Colleague: 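Just dropping this structure here.
On a predicted model such as this, the values are computed, not experimentally measured, just so you know.
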Amino acid sequence: MELTLSLIKMVVGLIIVIFLINLFLKYLQKFVAPQDRQFRVIKKIPVSKTSALGIVQVIERYYLMSLAEQGSTVISELSKEEVEQLFTSSDDQASEKIDFAAILKQKTIKLQNKRKK
C-alpha cells in the first residue's frame with residue numbers, strides 16, 4: 001500500500017514538474033526569440049536532420065530558403081501571387097496543404113532557365 005501511494009505521489013510530482021518546465025520554456029521563448037514583424041520564418045519544413053526548407057519574410061519580401069547547420073541560402077524570391085496563395089491556403093484548413101515540392105520544382109526550373117540564358 002505504501003509503495004503504491006509513493007508511486008502515485010512520484011507520478012503526480014513528475015507531471016507537475018513537466019508542466020512547470022513547459023510554462024517556463026514558453027516564458028523564456030519571448031526573450032530568446034522575440035517576434036519581429038520585419039523578419040520572421042513563416043513556414044519551415046524539415047528535409048533531413050540538419051536541413052529544412054523555409055519561407056522567410058524580410059520586411060515586405062518573401063524568400064524560399066534552404067536552412068541548414070552549415071548556413072542558409074536563398075533559393076528564390078516568392079512573387080506576390082505565391083505569397084497570397086500561401087496565406088489563403090493556410091487560412092482554409094489543414095486539408096489543403098501547400099505543396100512545397102511543386103513550388104521548389106517551379107523555382108528550380110526558373111533558375112535553370114535563367115542560367116541557360
Side-chain angles (χ1 to χ4, degrees):
M1 184 69 171
E2 290 180 22
L3 181 62
T4 15
L5 186 60
S6 62
L7 190 62
I8 291 173
K9 285 181 182 179
M10 190 170 27
V11 169
V12 170
L14 182 62
I15 291 172
I16 291 172
V17 167
I18 290 173
F19 179 74
L20 290 174
I21 288 173
N22 190 17
L23 284 178
F24 183 68
L25 288 175
K26 285 183 181 181
Y27 176 73
L28 282 180
Q29 183 70 23
K30 293 178 184 177
F31 299 106
V32 173
Q35 291 294 85
D36 189 5
R37 294 206 177 259
Q38 295 181 356
F39 180 83
R40 62 186 176 143
V41 177
I42 305 295
K43 293 262 187 190
K44 186 175 177 183
I45 306 295
V47 177
S48 69
K49 285 183 178 180
T50 60
S51 65
L53 284 177
I55 296 179
V56 178
Q57 176 189 8
V58 180
I59 304 175
E60 291 293 321
R61 295 180 181 218
Y62 295 86
Y63 299 97
L64 177 63
M65 294 184 67
S66 169
L67 310 168
E69 286 181 357
Q70 298 81 15
S72 300
T73 56
V74 175
I75 296 173
S76 69
E77 185 173 348
L78 297 175
S79 67
K80 295 275 185 190
E81 294 82 24
E82 292 168 332
V83 173
E84 289 173 5
Q85 179 185 5
L86 171 73
F87 287 129
T88 56
S89 65
S90 295
D91 293 341
D92 288 344
Q93 287 295 327
S95 61
E96 281 188 42
K97 293 193 176 186
I98 299 167
D99 189 7
F100 274 100
I103 294 173
L104 182 61
K105 189 174 184 178
Q106 290 174 352
K107 294 300 179 178
T108 306
I109 291 170
K110 284 182 184 179
L111 284 174
Q112 288 173 351
N113 289 339
K114 285 182 182 179
R115 290 180 184 164
K116 287 179 183 178
K117 291 179 183 180

Colleague: Would a 4.5 Å heavy-atom cut-off, applied to side chains only, mark Val74 and Val56 as touching?
Modeller: no
Colleague: Just how far is it from atom CE of Met65 to atom OG of Ser76, taken to the nearest 0.5 Å?
Modeller: 11.0 Å
Colleague: Would you mind reporting whether Leu67 and Lys44 have side-chain heavy atoms less than 4.5 Å apart?
Modeller: yes
Colleague: Is the shortest heavy-atom distance from the side chain of Lys107 to the side chain of Leu78 under 4.5 Å?
Modeller: yes
Colleague: Strictly by salt bridge (Lys or Arg N to Asp or Glu O under 4.0 Å), give each pair with a member in residues 55-77 just once, sequence neighbours left out.
Modeller: Arg61-Glu77
Colleague: Under the side chain to side chain contact (heavy atoms under 4.5 Å, CB included) rule, what do Tyr63 and Val58 come out as? Steps first, then yes or no, please.
Modeller: CA-CA 8 Å; Tyr63 299 97; Val58 180; 4.1 Å; yes
Colleague: Between Gln106 (side chain) and Ile103 (backbone), is there a donor-acceptor pair under 3.5 Å?
Modeller: no
Colleague: Enter the distance from Lys9:NZ to Leu5:CG here, rounded to the nearest 0.5 Å.
Modeller: 4.5 Å
Colleague: Taking Val12 as the starting point, is it possible to reach Leu20 by hopping between hydrophobic residues whose side chains are less than 4.5 Å apart?
Modeller: yes
Colleague: Report the residues that fulfil side chain to side chain donor-acceptor pair (under 3.5 Å) with Ser48, sequence neighbours left out, ordered by chain and then residue number.
Modeller: Ser51
Colleague: So if I apply the side-chain contact (heavy atoms from CB on, under 4.5 Å) rule between Phe19 and each of Ile16, Leu23, Val17, which one comes out positive?
Modeller: Leu23
Colleague: Within the 4.5 Å heavy-atom criterion, are Gln112 and Thr108 side-chain neighbours or not?
Modeller: yes
Colleague: Measure the CD1-CD1 distance between Ile45 and Ile55 for me, rounded to the nearest 0.5 Å.
Modeller: 8.0 Å
